[in-house]
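Everything on this sheet refers to the single structure shown next.
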Protein chains: 2
Amino acid sequence: MTLRRRIHRFRLDLQSGVPVYRQIIDQVRGGIASGALEIGDQLPTVRQLAVDLSINPNTVVRAYRELELGGLLETHQGTGTFISAQKPKSGGAERERQLTQIVGDCVSRAGAAGFTVENLIEQLRELIAERHQRR
Amino acid sequence: MTLRRRIHRFRLDLQSGVPVYRQIIDQVRGGIASGALEIGDQLPTVRQLAVDLSINPNTVVRAYRELELGGLLETHQGTGTFISAQKPKSGGAERERQLTQIVGDCVSRAGAAGFTVENLIEQLRELIAERHQRR
DNA sequence: CTCAATGTACTAGTATACTAGTACATTGTC
DNA sequence: GACAATGTACTAGTATACTAGTACATTGAG
């Protein structure tokens, strides 16, 4: 099997106060969202990434596990960790709650910065517009 | 001075794991963003809110202080805590960048959970609708 | 079967986040 | 000035988040 080792370039920002495992999670998510990581791509091995970032393997494990629980990764013991085919798992009420949470956080942050809900909607609209232009 | 005591109805969600002080912060921010709280409105006093929520006054203080540092509140010792006149501190391009950042994060999270930008907009719309109903 | 490479499980130390207890300072009214 | 109402400061206990240490299990190639 020819592995596509299009491995993401991870980098940590100590000083930021953001937990290491969370930075890894965010970078994988970002990689997927941006298309830098595609379904089937293999991530660095637990040990390899631990060495690269000079952290403990278990910290990598924690990040990978959380991503797997979210359905973004598949781990196969002895083989490696891969970007999985995406399946929106939780359904119904739980899913609704999740969306409410995300939007709530966003509104909260925006409100603190002096933005209104209308500002948010407008910004999202622009995203859609850009998306259409790019096609 | 006739105080407009249009006091936000706070409610805590223990079980959620979200720190109490953060829940307070989010609810104030949300109240401002949604228009439920307006400039000059007085918030519950530190002691009053502590009693209402059955928490320690210092927990309320922590929330209020963080909000004040963010410029959303003004506290006057002996008088009370009020929604401050909002000063969009960073201006122009920086401000635009800030909004882009917030929305970007939100979209990223939503995307990882399988939601679309349209889902977000719809959810925000519902927030506005709720606001109008309550008046 | 053997072995190297991979992920996994269990434990534990340390920092810090969160909340609470208690006493103090400031303001405005009378 | 007295007093009631408000915010403030300092301390400390407890939970838990985060990371690390160490040993084990699974996989696939040869």
Side-chain angles (χ1 to χ4, degrees), chain A residues 1-5 7-8 10 12-28 40-84, chain B residues 1-5 7 10-28 40-84:
Chain A
M1 175 178 180
T2 311
L3 292 177
R4 289 189 303 163
R5 274 257 193 180
I7 287 177
H8 211 61
F10 288 90
L12 293 184
D13 180 8
L14 314 176
Q15 316 319 73
S16 72
V18 179
V20 174
Y21 84 98
R22 180 147 293 282
Q23 293 187 42
I24 295 173
I25 290 175
D26 289 342
Q27 288 176 41
V28 172
D41 284 354
Q42 182 178 18
L43 289 174
T45 68
V46 168
R47 281 173 180 72
Q48 185 60 52
L49 187 53
V51 170
D52 288 351
L53 301 179
S54 302
I55 59 179
N56 190 286
N58 269 332
T59 303
V60 179
V61 167
R62 172 161 185 183
Y64 281 7
R65 179 170 303 148
E66 192 159 317
L67 286 164
E68 185 181 21
L69 288 177
L72 271 67
L73 298 185
E74 285 179 18
T75 61
H76 301 288
Q77 182 155 279
T79 307
T81 304
F82 306 84
I83 307 294
S84 94
Chain B
M1 175 181 180
T2 311
L3 293 178
R4 287 189 302 162
R5 274 258 192 180
I7 287 180
F10 288 91
R11 62 191 239 305
L12 293 184
D13 179 8
L14 314 177
Q15 318 315 76
S16 72
V18 179
V20 174
Y21 84 98
R22 180 147 294 281
Q23 293 188 41
I24 295 173
I25 289 175
D26 288 343
Q27 287 177 41
V28 172
D41 283 354
Q42 182 178 18
L43 290 174
T45 69
V46 168
R47 280 170 180 72
Q48 185 60 52
L49 187 53
V51 170
D52 287 351
L53 301 180
S54 302
I55 59 179
N56 190 285
N58 269 333
T59 302
V60 179
V61 167
R62 172 161 185 180
Y64 281 8
R65 179 171 303 149
E66 191 160 317
L67 287 164
E68 186 181 20
L69 288 177
L72 270 69
L73 299 184
E74 285 178 18
T75 61
H76 301 288
Q77 181 153 279
T79 306
T81 303
F82 306 84
I83 307 293
S84 93

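Throughout, a chain's letter reflects where its sequence line sits, starting with A, and its residues are numbered from 1.
- Regarding A:L14, its CG atom lies at a distance of 15 Å from the C1' atom of D:dA20, rounded to whole Å.
- Per the geometry, CD belonging to B:E68 stands 6 Å off P belonging to D:dT8, to the nearest Å.
- Closest of all the heavy-atom pairs between A:G80 and A:Q42 is CA-NE2, 3.7 Å.
- For A:Q48 and C:dA4, the CD to P distance is 18 Å, given to the nearest whole Å.
- B:R62 meets the side chain to side chain donor-acceptor pair (under 3.5 Å) test with B:Y21; sequence neighbours excluded.
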For a quick check, with a 4.0 angstrom heavy-atom cut-off, what is the B/S/- contact string for nucleotides 24-30 of chain C, read 5' to 3'? -BBSS--

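- In this structure, B:Q77 has no side chain to side chain donor-acceptor pair (under 3.5 Å) partners at least two apart in sequence or on a different chain.
- If you take CG of A:L43 and C1' of C:dG7, they are 13 Å apart, rounded to a whole angstrom.
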At under 4.0 Å between heavy atoms, how does the protein contact nucleotides 13-19 of chain C? Give one character per nucleotide, 5' to 3', with B, S or -. -----BB

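- A straight line from CD of A:E74 to P of C:dT6 spans 18 Å, rounded to a whole angstrom.
- Here D:dC10 presents its C1' atom at 11 Å from CZ of B:R65, a figure rounded to the nearest Å.
- Counting to the nearest Å, the P atom of C:dA20 and the CG atom of B:L49 are 12 Å from each other.
- Using the Watson-Crick or G-U wobble rule with both distances under 3.5 Å, C:dA15 pairs with D:dT16.
- Counting heavy atoms from C-beta outward, A:D13 and A:V18 have side chains that stay 4.5 Å or more apart.
- Remark: B:E66 engages B:R22 in a side chain to side chain donor-acceptor pair (under 3.5 Å) (not counting sequence neighbours).
- Rounded to whole angstrom, the span from the CD atom of A:Q42 across to the P atom of D:dG28 amounts to 13 Å.
- Using a 4.0 Å cut-off, some side-chain N or O of B:T81 falls inside it from OP1 or OP2 of D:dG7.
- For B:T75, the side chain to side chain donor-acceptor pair (under 3.5 Å) partners two or more places apart in sequence, or in a different chain, are B:E68.
- A distance of 9.0 Å separates CG of B:L53 from CD of B:Q23, quoted to the nearest 0.5 Å.
- To the nearest 0.5 Å, the span separating CG on B:D41 from OG on B:S84 amounts to 12.0 Å.
- Distance check: B:T79 OG1 to B:E74 CD gives 11.5 Å after rounding to the nearest 0.5 Å.
- C:dT22 is paired with D:dA9 under the criterion used here, namely a Watson-Crick or G-U wobble arrangement in which both key atom distances are under 3.5 Å.
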